[in-house]
Amino acid sequence: MEGQRDSKRTLKQNPGCFSKLSFMWWLLVLILPEVSCEQSFTTFHPERREWAFNHMTVHKKTGALYIGAVNRVYQLAGNLTLLVSHDTGPEDDNKACYPPLIVQPCTEPLVSTNNINKLLLIDYSQNRLLACGSLYQGVCKLLRLDDLFILVEPSHKKEHYLSSVNQTGTMYGVIVPSQGKDGTLFIGTAVDGKQDYFPTISSRKLPLDPESSAMLDYELHTDFVSSLIKIPSDTLALVSHFDIYYIYGFASGNFVYFLTVQPETPENSMSSSGPSNDLFYTSRIVRLCKDDHKFHSYVSLPIGCVRNRIEYRLLQAAYLGKPGRVLAASLNISAQDDVLFAIFSKGQKQYLHPPDDSALCVFSIRDINAQIKERMQSCYQGEGNLELNWLLGKDVPCTKAPVPIDDSFCGLDINQPLGGSQLVTGHTLYTESRDRMTSVTSYVYNGYCVAFVGTKSGRLKKVSLECRSCFLERCASDKLRCVQYWTCLS
Ligand SMILES: *[C@@H]1O[C@H](CO)[C@@H](O)[C@H](O)[C@H]1NC(C)=O
Ligand SMILES: *[C@@H]1O[C@H](CO)[C@@H](O)[C@H](O)[C@H]1NC(C)=O
Ligand SMILES: *[C@@H]1O[C@H](CO)[C@@H](O)[C@H](O)[C@H]1NC(C)=O
């Protein structure tokens, strides 16, 4: 994870170097190319070197660039001219203070603390920016897109605190707008042992009116069903470092998806095994229906890819894009369908120090949905268990029920939440064994899909996905040849 962050310390632009792609330059600035044309780059630096950039987003229409950094949110013009700098920290805080000082005094000593940007999302429907930080147990601000004026900084309710983890790359959010109505914000976050305070995943109200008292309330919260899932304390008692890191999220069709990494829990009944010092991690894809406030549609399956019998299972980064005509044909989908590009490091160990051997893989959302549907169908036939031991704590058998399960099935109060152990396997497009890939984005040009991959050492790779006809399972996977370029951006 840290590689990606390190490489975002400086933004660079070189208008002369790649004019054809100049409207896409923002894709290229994710990395720090050590190239000879460096002196002609425009750069933008944070005020202090250690106030790293955490997140970046570009407005689809205006091209304005928003950066969430340590202690700052910046608005830049497309040419990297600073337009607004908005302070978010440092402030006096103490992680042990809960609820935050604003609500009730805390006896712990307060010290000047950095505010790490954890989430930076544009809410297009209301022309505002949601920026969440690590201070005060993780509060958010809604800022006006034009000038970063604070519309609201809700902090008077428990729901307003998302998580105090001060590590970026542990939280992800997805905004689901609703035409003319209040939107929904899905949040997945690491909780760092505070599983009683913070749900690992939840859906919140995002009212049109920023001053609405319902801001960030759970969509549904009753004694019986709620729009949230908490990690049970029993799970932490057994796997003390258990947490779920949310690396990426997106909405596609009727669903919201998150891509996570979490320590493996014992395969069988959790109660039958003692405290474990497990070093194995699993990347998973989590899917929920957009409108499912009861979270009955929760399904989670392991995700990764394989090449030459080597498994790549440690998610580093992901990006939802379009395949373009050529890649779409290879995947047997249409060019308008969504595809997910994802980078995984080799194996399942050492998530905190991932191996350099890494793979770029593609998944069609259609395949992912088909596999989730199959999983639900088999469970509703009464086969096997729910296989979600970190949450259920024990083996819970699937219940046979004569329910038709189609592509839009959103769950019932039985057979949920549903896990699974069969790997959702992507198509491996490209591997790199020495300089770990840490970020990815993609773009379609003339029907061809091009992926831009950033590496740990700050290099940018442009991978043309003009992969000849067959990289589906029918063919030997190593027959796949993707054209690869190293960039000097020239
Ligand atoms: C950068 O863009 C802004 C806004 O579009 C414009 O006002 C400014 O003159 C530009 N600066 C340079 C150096 O091109
Ligand atoms: C995060 O918090 C820990 C202690 O809680 C501190 O040592 C560390 O410096 C913090 N990270 C940043 C980037 O401020
Ligand atoms: C391609 O997809 C269509 C449906 O979209 C399906 O009928 C067909 O069997 C698929 N072809 C292959 C080779 O998988």
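For clarity, every value in this text was computed on a predicted model and none was experimentally measured. Each ligand, and each atom within it, is numbered from 1 in the order the structure gives.
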Distance check, rounded to the nearest 0.5 Å: L236 atom CG versus L238 atom CG? 9.0 Å

Applying ring-ring contact (aromatic ring centres under 6.0 Å, His included) to Y172 and not counting sequence neighbours gives Y248

For ligand 1, which atoms sit closer than 4.0 Å to a heavy atom of [X]?
| X | result |
| --- | --- |
| N79 | 1 (C), 2 (O), 3 (C), 8 (C), 10 (C), 11 (N), 12 (C), 14 (O) |
| A77 | 2 (O), 3 (C), 4 (C) |
| T81 | 1 (C), 11 (N) |

Does NZ or CZ of K60 lie under 6.0 Å from the centre of the six-membered ring of Y124, at an angle within 45° of the ring axis? yes

Cationic tip of R313 within the cone over F344's six-membered ring, i.e. under 6.0 Å and within 45° of the normal? no

Anything under 3.5 Å between a donor and an acceptor, one on a side chain of residues 107-114, the other on a protein residue two or more places apart or in another chain? List them.
{"from": "T113", "atom 1": "OG1", "to": "D93", "atom 2": "O", "distance (Å)": "3.4"}
{"from": "T113", "atom 1": "OG1", "to": "V111", "atom 2": "O", "distance (Å)": "2.7"}
{"from": "N114", "atom 1": "OD1", "to": "N71", "atom 2": "ND2", "distance (Å)": "2.9"}

T43 and H45: side-chain donor and acceptor closer than 3.5 Å? yes

Select all protein residues for which some heavy-atom-to-ligand 2 distance is less than 4.0 Å, and list them by chain and number. K95, N114, I116, N166

Taking all heavy atoms of E50 and all of V70, pick out the closest pair and write down the distance. O-CG2, 4.3 Å

Please enumerate all residues that pass side chain to side chain donor-acceptor pair (under 3.5 Å) together with N254, with sequence neighbours excluded. none

Going by the order shown, which atoms of ligand 3 are within less than 4.0 Å of some heavy atom of R366? 5 (O)

